[in-house]
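Data first, discussion second: the structure below is written as structure tokens.
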There are 2 protein chains.
Amino acid sequence: MAKRMPPAQLATLLRDAITRLNRRVRQTRPVGDLTGTQLSALTSLELAGALTPRELADTERVQPPTMTKIVAKLEERGLVQRTPHPTDGRQVILSTTDTGRAMLAQFDRARNEWLAGRLAELTPEDRDALQRAAEILQKVARD
Amino acid sequence: MAKRMPPAQLATLLRDAITRLNRRVRQTRPVGDLTGTQLSALTSLELAGALTPRELADTERVQPPTMTKIVAKLEERGLVQRTPHPTDGRQVILSTTDTGRAMLAQFDRARNEWLAGRLAELTPEDRDALQRAAEILQKVARD
DNA sequence: TCACGATCGTTAGCCTAACTAATAAGCCAG
DNA sequence: CTGGCTTATTAGTTAGGCTAACGATCGTGA
């Protein structure tokens, strides 16, 4: 590994790596015609059980209008359903449908084909390093 | 660190981490009103000295029409210039202008403020792990 | 030599995904 | 019971990707 570098330089390196990896992953994306954003939202919703659009937007770190659009697409496909909030007439409760859960299960298999393939070519030590890094990055991205 | 996981699961973890980090970085971006994509292209061009649009597109791993748009925005701002190719009438040569270089120099200072700040809060060991991971990811993202 | 296929850059058109601003509906406190 | 806050949506903009198609140019093979 190269010499230890100051945080600003590491930030540049990280952003560059992440940008490029994102582009590569995007290029190989048309799996099941759900976009990464939609899949991520569906997964968060499934993990949480049920959320309001606002809560889901906060979870996904997007603004409410953005989540409105994402949910609309998922609803079109019958992957999420909305039920009225029991006491607050403004809010709605989002939850995954059986179809949505089936879709998620299917993705569990087909998921990340390209990236997983590339990762499988790495040494176990490299994969360990990436795993550790992913956990650190999750922490960094959290508030 | 958690137990070692299979590549498919690691791929999921990585993509999630990267997606979230990208969103966070985007939210804190309005520094000098150049986007990450534009900055990346400008930096690549500066590093290479001079490139054709095709070469720059390949470097940035986007399709030529995408690079046309990015270059158009950079040219509007006077950050890059185009000169005719000396022998091939189809091609053009892109290079950074003095203004573009000044902009890059300014970014060298203000760059990655949020991310660098967050990274500075980590332990040196965590930063080492991220540095190693970034280098691995660069390799993975490369062809 | 010249006609035709390949290459380069651009244009046009589409999509995803994000943002802000504004609006309608509903809640609640004084 | 009214005025202000919250929730969700709509409308409109921007960035950034893609593919398809096109004109200009290059270069090669008959």
Side-chain angles (χ1 to χ4, degrees), chain A residues 15 18-42 50-77 80 82-94, chain B residues 15 18-42 44-45 50-77 79-94:
Chain A
R15 290 191 54 180
I18 285 173
T19 298
R20 289 172 198 282
L21 190 61
N22 248 356
R23 285 178 185 157
R24 284 310 295 270
V25 169
R26 182 180 358 91
Q27 285 170 1
T28 62
R29 196 194 49 204
V31 190
D33 82 348
L34 265 197
T35 66
T37 302
Q38 292 165 10
L39 182 58
S40 176
L42 188 59
L51 292 173
T52 66
R54 157 75 62 181
E55 288 167 338
L56 187 50
D58 288 346
T59 302
E60 292 291 302
R61 296 208 164 282
V62 297
Q63 294 300 311
T66 301
M67 190 47 67
T68 294
K69 285 195 189 175
I70 297 170
V71 168
K73 295 214 176 87
L74 292 174
E75 207 184 0
E76 263 177 28
R77 284 183 160 79
V80 309
R82 57 181 79 217
T83 53
H85 191 285
T87 63
D88 190 334
R90 296 165 303 177
Q91 301 186 42
V92 288
I93 306 291
L94 303 173
Chain B
R15 289 189 55 177
I18 285 171
T19 298
R20 289 173 198 281
L21 190 60
N22 248 353
R23 285 178 183 158
R24 282 312 294 269
V25 169
R26 185 182 355 93
Q27 285 171 2
T28 61
R29 197 192 49 201
V31 189
D33 83 350
L34 266 197
T35 66
T37 301
Q38 292 166 11
L39 180 59
S40 175
L42 189 59
S44 290
L45 189 56
L51 293 174
T52 67
R54 158 77 61 180
E55 290 167 339
L56 187 51
D58 288 347
T59 302
E60 292 292 301
R61 295 209 167 279
V62 298
Q63 295 301 309
T66 302
M67 190 47 69
T68 294
K69 282 193 193 178
I70 296 169
V71 168
K73 293 212 176 89
L74 293 173
E75 209 185 358
E76 262 177 31
R77 285 183 159 79
L79 305 178
V80 311
Q81 58 197 352
R82 58 181 78 219
T83 54
H85 191 286
T87 63
D88 190 334
R90 295 166 303 179
Q91 300 187 42
V92 289
I93 306 291
L94 303 174

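Throughout, a chain's letter reflects where its sequence line sits, starting with A, and its residues are numbered from 1. The figures that follow rest on heavy atoms only: side chains count, while hydrogens, waters and symmetry mates do not.
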> Separation of A:Ile93 atom CD1 from D:dA8 atom C1', in whole Å?
Replying inline: 13 Å

> What integer distance in Å separates A:His85:NE2 from D:dT9:P?
Replying inline: 14 Å

>> Any side-chain N or O of A:Thr68 below 4.0 angstrom from OP1/OP2 of D:dT9?
In response: yes

> Hey, what do you get for CD1 (B:Ile70) to CG (B:Leu45), rounding to the nearest 0.5 Å?
Replying inline: 12.0 Å

> Could you give the CG-to-C1' distance, from A:Leu74 to C:dA17, as a whole number of Å?
Replying inline: 13 Å

> Excluding sequence neighbours, so at least two apart, what forms salt bridge (Lys or Arg N to Asp or Glu O under 4.0 Å) with B:Asp58?
Replying inline: none

> Among all residues two or more places apart in sequence or in another chain, which pass the side-chain hydrogen bond (donor to acceptor under 3.5 Å, both in side chains) test with B:Gln38?
Replying inline: none

>> What contact category does A:Lys69 fall into here, base, sugar-phosphate, or nothing, at under 4.0 angstrom with non-hydrogen atoms?
In response: base

> Which is it for A:Thr35 and A:Lys73 under the side chain to side chain contact (heavy atoms under 4.5 Å, CB included) test, yes or no, and what are the steps along the way?
Replying inline: CA-CA 10 Å; A:Thr35 66; A:Lys73 295 214 176 87; over 6 Å; no

> When all nucleic acid strands are considered with a 4.0 Å heavy-atom cut-off, which category describes A:Pro53: base, sugar-phosphate, or nothing?
Replying inline: sugar-phosphate

> Does B:Ser40 use its side chain to pair, donor to acceptor, with the backbone of B:Gly36 at less than 3.5 Å?
Replying inline: no

> Just checking A:Thr37: base, sugar-phosphate only, or nothing, at a heavy-atom cut-off of under 4.0 Å?
Replying inline: sugar-phosphate

> Does B:Glu55 have any salt bridge (Lys or Arg N to Asp or Glu O under 4.0 Å) partners at least two apart in sequence or in another chain, and if so, which?
Replying inline: none

>> Tell me the interatomic distance from B:Leu34, atom CG, to D:dA15, atom P, rounded to whole angstroms.
In response: 11 Å

Please list each protein N or O that sits under 3.5 Å from an N or O in nucleotides 22-24 of chain C, with the distance.
none

>> If I take atom NZ in residue A:Lys73 and atom P in nucleotide D:dT10, what distance separates them, rounded to the nearest angstrom?
In response: 13 Å

>> Nearest whole Å is fine: how far is C:dG26 P from A:Arg54 CZ?
In response: 18 Å

>> If you apply the rule side chain to side chain contact (heavy atoms under 4.5 Å, CB included), what do you find for B:Leu34 with B:Leu79, and how did you get there?
In response: CA-CA 11 Å; B:Leu34 266 197; B:Leu79 305 178; 4.0 Å; yes

> Between atom CD in A:Gln63 and atom P in D:dT13, what is the gap in whole Å?
Replying inline: 19 Å

> Once you round it to whole Å, what is the distance between P of C:dA17 and CD of A:Glu60?
Replying inline: 11 Å

> Which part of the nucleic acid does A:Glu55 contact within heavy-atom distance under 4.0 Å: base, sugar-phosphate only, or nothing?
Replying inline: nothing

> Taking for each residue the nucleotide of DNA chain C with the nearest heavy atom, is it A:Thr66 or B:Pro64 whose nucleotide lies nearer the 5' end?
Replying inline: B:Pro64

> Given D:dA8, D:dG17, D:dG16, which nucleotide is nearest the side-chain atoms of B:Ile70?
Replying inline: D:dG17

> Which of these nucleotides, C:dT10, D:dG16, D:dT7, is closest to any side-chain atom of B:Arg82?
Replying inline: C:dT10

>> Minimum heavy-atom separation for B:Ile93 and B:Ala50, please, with both atom names.
In response: CG2-CB, 3.7 Å

> Should A:Thr35 be listed as having a side-chain N or O under 4.0 Å from OP1 or OP2 of C:dA17?
Replying inline: yes

> When you check the phosphate oxygens OP1 and OP2 of C:dA17, does a side-chain N or O of A:Gln38 lie under 4.0 Å from one of them?
Replying inline: yes

Are any protein N/O atoms closer than 3.5 Å to N/O atoms in nucleotides 25-27 of chain D? If there are, list each pair with its distance.
unit_1 : atom_1 : unit_2  : atom_2 : d
D:dT25 : O3'    : B:Gly89 : N      : 3.4
D:dC26 : OP1    : B:Thr87 : O      : 3.3
D:dC26 : OP1    : B:Gly89 : N      : 2.5

> Can you list the residues that meet the salt bridge (Lys or Arg N to Asp or Glu O under 4.0 Å) rule with B:Arg54, with sequence neighbours excluded?
Replying inline: none

> Considering all heavy atoms of both residues, which atom of B:Thr59 and which atom of B:Ser44 are nearest to each other, and what is their separation?
Replying inline: CG2-OG, 3.8 Å

